[in-house]
Number of protein chains: 2
Amino acid sequence: MSLEIERKFLVKNNDFKQEAYQQKRMQQGYLNSNKKRTVRIRTTDEKAFITIKGKSNKSGTTRFEWEKEISLEEAEKLLLLCESSIIDKTRFYIKKGKHIFEVDEFYGDNNGLIIAEVELSSENETFEKPNWIGKEVTGNQQYYNSYLSKKPYKNW
Amino acid sequence: MSLEIERKFLVKNNDFKQEAYQQKRMQQGYLNSNKKRTVRIRTTDEKAFITIKGKSNKSGTTRFEWEKEISLEEAEKLLLLCESSIIDKTRFYIKKGKHIFEVDEFYGDNNGLIIAEVELSSENETFEKPNWIGKEVTGNQQYYNSYLSKKPYKNW
């Protein structure tokens, strides 16, 4: 249980892929995608998690987050209960200075969308910006995965 | 993870209280009360649980259910995220033949409402009916706890 402080950016090109030290395919769905509280089921790397997030603060940077590991078998049953469509993406991990950027390349109905996130220890913490980073979209709900599961990128 | 098969009844009087072999105070809230999928946080007896239920079948008897224990501290944080009001009730456990009736006496905005449930191993299983059992309300969504958290009994 923690507060998640992060900033979010669009990604300009595929250069990040060469810098990634790890990548994971992920599928995730939402039992609730209401912006005041999301309940997410995610499977990745033979593991699965249930994650609950609260509403963001005003700047969109900080959110309450609670996560628990569950079995893959449980996750598969729970994914069947989810609202609307399942998000399918690969997450790339890139180290820059003392931070790790997580870059999500989306498939299916969100094909073409690439989003980078960096987790910070405080709202005003500075960080090194990779040159493939584009426009900041922190707090923009259209780029929440919960939103993308209902209004996918292909329909924007 | 299981299928929950149960029937639900209104309760005519307080006679059930003398027959109870156990009782527990419970508080519970909903992170999602959509009837297709509910996500419930419940605290009782110094324990806490997250429970996800799917949609009922046509008769209203059978529902998918998944439950995991969480810490009380986690539950208290998650209850703050819940939609609308928190349900407060005492659950009484009464043995009748080979079945256990769970009778919920509600407080607060649902004061005056008493509901009995009996869990069955199949939809057509017979069971001994206590004489304090009233009208059957199986499958009636108005009596779902998730519904009561949004539309409490006092406003009916």
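First the proteins, then the strands, lettered A, B, ... as listed; each starts at 1.
- By the neighbour-count criterion of 12 heavy atoms within 6.0 Å, atom NZ of A/Lys151 is sparsely surrounded, having that number or fewer from other residues, nucleotides or ligands.
- When the shell of 6.0 Å around NZ of B/Lys47 is examined, it contains 12 or fewer heavy atoms from other residues, nucleotides or ligands.
- Residue B/Lys36 touches chain A through its backbone alone, counting heavy-atom pairs closer than 4.5 Å.
- If you measure heavy-atom distances from A/Leu80 to chain B, you find no contacts under 4.5 Å at all.
- Between A/Tyr21 and A/Tyr93, the ring planes are tilted. Angles from 30° to 60° get that label.
- Distance alone, capped at 3.5 Å, is enough to place a donor-acceptor pair between the A/Arg63 side chain and the A/Gly54 backbone.
- For B/Ile52, the part lying near chain A is the side chain, with the backbone staying farther off; criterion is any non-hydrogen pair under 4.5 Å.
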